[in-house]
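Shown next, in structure tokens, is the structure this report addresses.
No experiment lies behind these values; they were computed from the predicted model shown.
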Amino acid sequence: MSIEKIKCNRLIRKLVFYRYLFKLRLNRFFLYNGKNGLLLKSLKDKYKNQRCFIVGNGPSLIKEDLDKLKNEITFGFNRIYYYFDKTDWRPNFYITEDIKIIQNSIQEINKLNLNYIFTPDFVSLDYGIRINNSISFRQEYKELGNLGPDFSEDILEKISWGGTVAYTAIQMAVYMGFKEIYLLGIDHNFRVTQNSKGEITVDETAKDYFTEEYNKDQENLYIPNLDNSTKSYIKARDYCDKNNIKIVNLTRGGKLEVFVRENIDKLI
């Protein structure tokens, strides 16, 4: 291939990339300056000084705990709907940000009858996936490094990616004004994990989720990186400590030791 042709191909790629950036910025302008942006703005300090519960999908999560949360304000994630036929509890806020889970579960997600469904804007803008009544947020991705992710105080501007959807929920909860944040069902432990070097570890004694059905497409999903999520939890803890926000781990067992622990049976 001639040098002229190589230069021409590079120029074309640059033009395509800049065209994509321009279109993305334009779409985001209309997205966050319209109804979607108004919905995000309406949540600012809406629950000032109240408490909330962020519910993970770990194997420690039991029906009895969900039943206790029916009158609490809660966040739920991804395939938490596998518990819906066993309890009347439903999360007030539902978040799904893993594109592989979204692609594999779009039919189930679109059947959810929930008031607030949050997804990153790339789901619709880059992948063309439409989720019924979803509220988009801009997720900022960057390599975490030793310092971990940023902690966003304004979800209208961005939400920092932290390697776990629970970190997204914590940033949302702070934005909404909650002063007490309780984590439940976040075991921080999986059968197959990777570290920041990409090294894979297998623990045959570990169970991934509260139901085997959750992980039926495991081979097509991302391998959890516990180094990244640990950095994110530390950043959340440090931010909350500095801003007089209580954040507590109610998970039954598990390996998340970043936060102080309390017993859910004594709390509720």
Side-chain angles (χ1 to χ4, degrees), residues 52-120 123 127 129-135 137 162-170 172-173 181-193 202-226 229 249-256 264-265 268:
C52 71
F53 294 77
I54 293 175
V55 181
N57 299 311
S60 66
L61 188 65
I62 59 176
K63 172 187 176 300
E64 289 74 15
D65 288 342
L66 293 178
D67 290 340
K68 293 174 184 177
L69 298 180
K70 284 193 293 185
N71 296 319
E72 301 285 349
I73 303 173
T74 57
F75 293 76
F77 316 132
N78 295 329
R79 291 170 173 164
I80 187 65
Y81 51 76
Y82 281 132
Y83 243 130
F84 286 1
D85 63 345
K86 300 178 179 66
T87 177
D88 293 331
W89 169 84
R90 296 292 184 271
N92 301 83
F93 306 103
Y94 171 85
I95 311 168
T96 183
E97 64 181 30
D98 185 322
I99 190 59
K100 291 191 175 183
I101 285 182
I102 293 171
Q103 289 173 322
N104 295 348
S105 306
I106 187 62
Q107 292 184 342
E108 290 90 343
I109 294 171
N110 270 333
K111 291 177 182 177
L112 296 177
N113 183 23
L114 300 172
N115 291 329
Y116 290 95
I117 296 176
F118 295 97
T119 59
V123 174
Y127 289 87
I129 298 174
R130 302 297 175 185
I131 295 179
N132 296 337
N133 301 318
S134 69
I135 303 171
F137 60 88
T164 170
V165 66
Y167 189 64
T168 295
I170 294 171
M172 285 187 173
I181 301 172
Y182 296 95
L183 311 179
L184 178 66
I186 301 179
D187 291 57
H188 197 52
N189 188 35
F190 299 90
R191 191 182 71 86
V192 181
T193 60
V202 179
D203 180 0
E204 296 294 350
T205 66
K207 184 180 177 183
D208 290 327
Y209 300 104
F210 59 80
T211 174
E212 294 297 331
E213 189 177 8
Y214 192 108
N215 222 15
K216 60 187 177 183
D217 54 351
Q218 181 179 12
E219 294 182 357
N220 296 322
L221 302 180
Y222 294 110
I223 297 175
N225 185 320
L226 295 186
S229 52
N249 184 13
L250 299 177
T251 302
R252 298 179 183 275
K255 295 186 177 182
L256 181 57
I264 188 173
D265 296 318
I268 304 179

| query | Of all residues at least two apart in sequence or in a different chain, which pass the salt bridge (Lys or Arg N to Asp or Glu O under 4.0 Å) check with D203? | reply | none
| field | Set of residues satisfying salt bridge (Lys or Arg N to Asp or Glu O under 4.0 Å) with respect to E72, sequence neighbours excluded | value | R51
| task | List the steps, then state whether side-chain contact (heavy atoms from CB on, under 4.5 Å) holds for K68 with D265. | result | CA-CA 9 Å; K68 293 174 184 177; D265 296 318; 2.4 Å; yes
Between [X] and [Y], which heavy-atom pair has the shortest distance, and what is it?
{"X": "S229", "Y": "T164", "result": "CB-CG2, 3.8 Å"}
{"X": "I95", "Y": "V165", "result": "CG2-CG2, 3.7 Å"}
{"X": "F137", "Y": "T168", "result": "CZ-CG2, 4.0 Å"}
{"X": "S60", "Y": "G185", "result": "OG-CA, 3.7 Å"}
{"X": "T211", "Y": "Y82", "result": "CG2-CB, 4.0 Å"}
{"X": "F84", "Y": "P91", "result": "CZ-CD, 3.6 Å"}

So, [X] side chain and [Y] main chain: donor-acceptor pair closer than 3.5 Å or not?
{"X": "N57", "Y": "Y209", "answer": "no"}
{"X": "Y94", "Y": "N78", "answer": "yes"}
{"X": "T119", "Y": "E97", "answer": "no"}
{"X": "N189", "Y": "G254", "answer": "no"}
{"X": "D208", "Y": "F190", "answer": "no"}
{"X": "N249", "Y": "T251", "answer": "yes"}

| said: Evaluate I102 against Y127 for side-chain contact (heavy atoms from CB on, under 4.5 Å), listing each step before the verdict. | reply: CA-CA 11 Å; I102 293 171; Y127 289 87; over 6 Å; no
| Option from N71, T74, D67 for which side chain to side chain donor-acceptor pair (under 3.5 Å) with W89 holds | T74
Neighbour count >12 (heavy atoms, 6.0 Å) for atom [atom1], [X]:
{"X": "Q107", "atom1": "CD", "result": "no"}
{"X": "N133", "atom1": "CG", "result": "no"}
{"X": "Q103", "atom1": "CD", "result": "yes"}
{"X": "K255", "atom1": "NZ", "result": "no"}

Are [X] and [Y] close enough that some pair of their side-chain heavy atoms sits under 4.5 Å apart?
{"X": "I54", "Y": "F77", "result": "yes"}
{"X": "N115", "Y": "N92", "result": "no"}
{"X": "K207", "Y": "R191", "result": "no"}
{"X": "R252", "Y": "D65", "result": "yes"}

[atom1]-[atom2] distance between [X] and [Y], expressed to the nearest 0.5 angstrom:
{"X": "F75", "Y": "M172", "atom1": "CZ", "atom2": "CE", "value": "7.5 Å"}
{"X": "I99", "Y": "Y222", "atom1": "CD1", "atom2": "OH", "value": "7.5 Å"}
{"X": "K216", "Y": "S105", "atom1": "NZ", "atom2": "OG", "value": "7.0 Å"}
{"X": "L226", "Y": "T193", "atom1": "CG", "atom2": "OG1", "value": "5.0 Å"}
{"X": "I135", "Y": "I117", "atom1": "CD1", "atom2": "CD1", "value": "8.5 Å"}
{"X": "D88", "Y": "K63", "atom1": "CG", "atom2": "NZ", "value": "8.0 Å"}

| With sequence neighbours left out, what residues match D217 under side chain to side chain contact (heavy atoms under 4.5 Å, CB included)? | R79, N104, N220, L221
| said: Determine whether L184 and L69 satisfy the following criterion, side-chain contact (heavy atoms from CB on, under 4.5 Å), listing intermediate values before the conclusion. | reply: CA-CA 11 Å; L184 178 66; L69 298 180; 3.8 Å; yes
| request: Check the angle between the aromatic planes of F53 and Y182 and answer parallel, tilted or perpendicular using the 30° and 60° thresholds. | output: parallel
| message | Classify the ring geometry of F210 against Y214: parallel below 30°, tilted from 30° to 60°, perpendicular beyond 60°. | response | perpendicular
